[in-house]
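Heads up: the structure comes next, in structure tokens.
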Amino acid sequence: MTPTATVLLVFGRGVVAGDGGYRLTAESAARVAAAIGYVRAHAAEFRRAAGARVVFTGGWPHGPAGTPEPPAGCREGELMLALARDAGLDGYARLHAETRSRTTLQNLAHTVQDGLLAGPDHTPARPLGLVSHPWHLPRIRFLAGKVLGLSGAALLDVPVTAPDPVPARHERVARAASRLCYLGLRTPEALLRRERGLSRAAQRISDLFPDRRGFAGRRRG
């Protein structure tokens with residue numbers, strides 16, 4: 001029998017700004033819906049678990065360079081948490097939002113740094129649930145091994161069933177780049193330093209080839 005994960009980490013998929021303010025993308029909303037569905041399906045276990053919680057991660061992941069960040073209350077993690085609260089999820093678990101991150105690595109590292117996963121260790125009998133689209137979960141698992149030291153059955157996939165058409169080749173490249181670029185690194189701080197260095201290098205390349213800047217505003221996983 002598969003153990004229930006009573007601690008969930010939900011990864012955002014974007015926020016968009018419009019005339020009516022800020023809102024989640026359909027893909028981000030689908031990830032919240034997957035978390036809600038999982039918690040409701042295991043309501044008894046969540047209510048019994050003293051440390052049951054759902055952590056929604058994300059700040060302003062895909063705003064174009066120079067775009068101001070959304071105001072407090074309108075960042076990705078906060079919008080996802082509000083959607084979950086409206087659905088009554090706070091009746092089953094504590095809800096938290098991590099709102100500083102722009103990438104999958106930052107989602108994990110900042111969640112650790114903010115103490116949002118503090119508590120008993122995650123094990124195969126008490127796994128950490130990862131909520132995202134199926135194409136994204138293998139890369140999350142790899143980075144969770146780096147940041148959290150967790151692997152295998154200590155992590156439980158909670159996949160989203162709604163479609164999110166991401167080219168498989170792009171995700172394979174992102175996964176391979178993560179394995180290469182973060183080789184030998186094991187702490188959140190070291191991983192974030194490496195990511196910042198890679199971002200600076202990418203910006204220098206973008207400055208040399210300005211016609212490619214349009215890629216900077218794309219959504220991340």
Side-chain angles (χ1 to χ4, degrees), residues 1-13 28 30-58 76-78 80-85 87-101 103-162 175 178-179 182 185-192 221:
M1 183 175 177
T2 303
T4 299
T6 56
V7 177
L8 301 182
L9 192 54
V10 186
F11 293 79
R13 181 72 171 119
S28 283
R31 294 180 184 185
V32 178
I36 293 169
Y38 183 85
V39 172
R40 286 177 174 169
H42 300 87
E45 293 94 325
F46 271 85
R47 287 189 169 124
R48 282 198 302 267
R53 75 190 76 173
V54 182
V55 182
F56 299 94
T57 68
E76 189 173 40
E78 294 163 328
M80 289 194 293
L81 188 152
L83 186 60
R85 181 176 288 142
L89 206 66
D90 52 348
Y92 302 90
R94 295 197 303 272
L95 306 183
H96 302 279
E98 177 282 309
T99 63
R100 297 188 288 143
S101 60
T103 66
T104 301
L105 172 62
Q106 290 175 21
N107 290 153
L108 289 156
H110 291 162
T111 296
V112 171
Q113 292 176 337
D114 292 350
L116 298 179
L117 292 180
D121 291 340
H122 295 287
T123 66
R126 190 172 47 241
L128 171 65
L130 307 174
V131 184
S132 191
H133 283 80
W135 60 264
H136 192 208
L137 287 166
R139 181 154 51 96
I140 295 174
R141 278 182 162 269
F142 169 74
L143 293 172
K146 289 285 188 180
V147 176
L148 306 173
L150 299 176
S151 61
L155 299 169
L156 178 72
D157 292 349
V158 181
V160 178
T161 57
R175 203 178 311 158
S178 293
R179 292 183 180 279
Y182 302 126
L185 303 179
R186 288 289 176 186
T187 67
E189 293 74 21
L191 290 158
L192 290 173

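We use all heavy atoms of the structure for the numbers below, so side chains are in, but hydrogens, waters and symmetry mates are not.
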> Got a sec, which residues hit side chain to side chain contact (heavy atoms under 4.5 Å, CB included) with A190, two or more places apart in sequence or on another chain?
Replying inline: L185, T187, R193

> Which atom pair, heavy atoms only, marks the closest approach of A50 to R94?
Replying inline: O-NH1, 3.4 Å

> Taking atom OG1 of T57 and atom CG of L108, what is their separation to the nearest 0.5 Å?
Replying inline: 7.5 Å

> Counting distance only, does the side-chain N/O of R53 pair as donor-acceptor with the main-chain N or O of L116 below 3.5 Å?
Replying inline: yes

> Given the rule in the side chain to side chain contact (heavy atoms under 4.5 Å, CB included) test, do Q113 and E189 qualify, once you have shown the distances and angles that lead to the verdict?
Replying inline: CA-CA 9 Å; Q113 292 176 337; E189 293 74 21; 3.5 Å; yes

>> Taking side chain to side chain contact (heavy atoms under 4.5 Å, CB included) as the definition, give me every residue that meets it alongside T99, ordered by chain and number, with sequence neighbours left out.
In response: R75, E78, A97

>> Please enumerate all residues that pass ring pair (Phe, Tyr, Trp, His ring centres under 6.0 Å) together with Y92, with sequence neighbours excluded.
In response: none

Donor-acceptor contacts under 3.5 Å from residues 120-128 side chains, at least two apart:
residue : atom : partner : partner atom : Å
H122    : ND1  : R126    : O            : 3.4
T123    : OG1  : A125    : N            : 3.3
T123    : OG1  : R126    : N            : 3.1
R126    : NE   : D121    : O            : 3.3
R126    : NH2  : D121    : O            : 3.1

>> Does V54 form a side chain to side chain contact (heavy atoms under 4.5 Å, CB included) with Y38? I'd like the steps, not just the answer.
In response: CA-CA 11 Å; V54 182; Y38 183 85; over 6 Å; no

> Excluding sequence neighbours, so at least two apart, what forms side chain to side chain contact (heavy atoms under 4.5 Å, CB included) with A34?
Replying inline: V131, V160

> Residues two or more places apart in sequence or in another chain: which of them pass side-chain hydrogen bond (donor to acceptor under 3.5 Å, both in side chains) with D157?
Replying inline: R141

> What residues, two or more places apart in sequence or in another chain, satisfy side chain to side chain contact (heavy atoms under 4.5 Å, CB included) together with A52?
Replying inline: T6, F46, A49, A93

>> The criterion is salt bridge (Lys or Arg N to Asp or Glu O under 4.0 Å); which residues satisfy it with R100, sequence neighbours excluded?
In response: D114

> With sequence neighbours excluded, what pairs up with H133 under the side-chain hydrogen bond (donor to acceptor under 3.5 Å, both in side chains) test?
Replying inline: R31

>> Looking at every non-hydrogen atom in both residues, tell me the closest pair between V10 and M80 and how far apart they are.
In response: O-CE, 4.1 Å

> Looking at residues at least two apart in the chain, or sitting in another chain, which of them share a salt bridge (Lys or Arg N to Asp or Glu O under 4.0 Å) with R186?
Replying inline: none

> Shortest non-hydrogen contact from W135 to R175?
Replying inline: O-NH2, 3.8 Å

> Who are the side-chain hydrogen bond (donor to acceptor under 3.5 Å, both in side chains) partners of R40, not counting sequence neighbours?
Replying inline: none

> How close do P188 and V147 get, heavy atom to heavy atom, and via which atoms?
Replying inline: CG-CG1, 3.9 Å

> Which heavy atom of I36 sits nearest a heavy atom of A84, and at what distance?
Replying inline: CD1-CA, 4.2 Å

>> Per the salt bridge (charged side-chain N to carboxylate O under 4.0 Å, His left out) rule, what does the pair list look like for residues 144-153, sequence neighbours excluded?
In response: none

>> I need the S101 OG to N107 CG distance, nearest 0.5 Å.
In response: 3.5 Å

>> Checking Y182 against L105 for the side chain to side chain contact (heavy atoms under 4.5 Å, CB included) test, could you report, in this order, the C-alpha distance in whole Å, the side-chain angles of both residues, the deciding distance, and whether it holds?
In response: CA-CA 10 Å; Y182 302 126; L105 172 62; 3.6 Å; yes

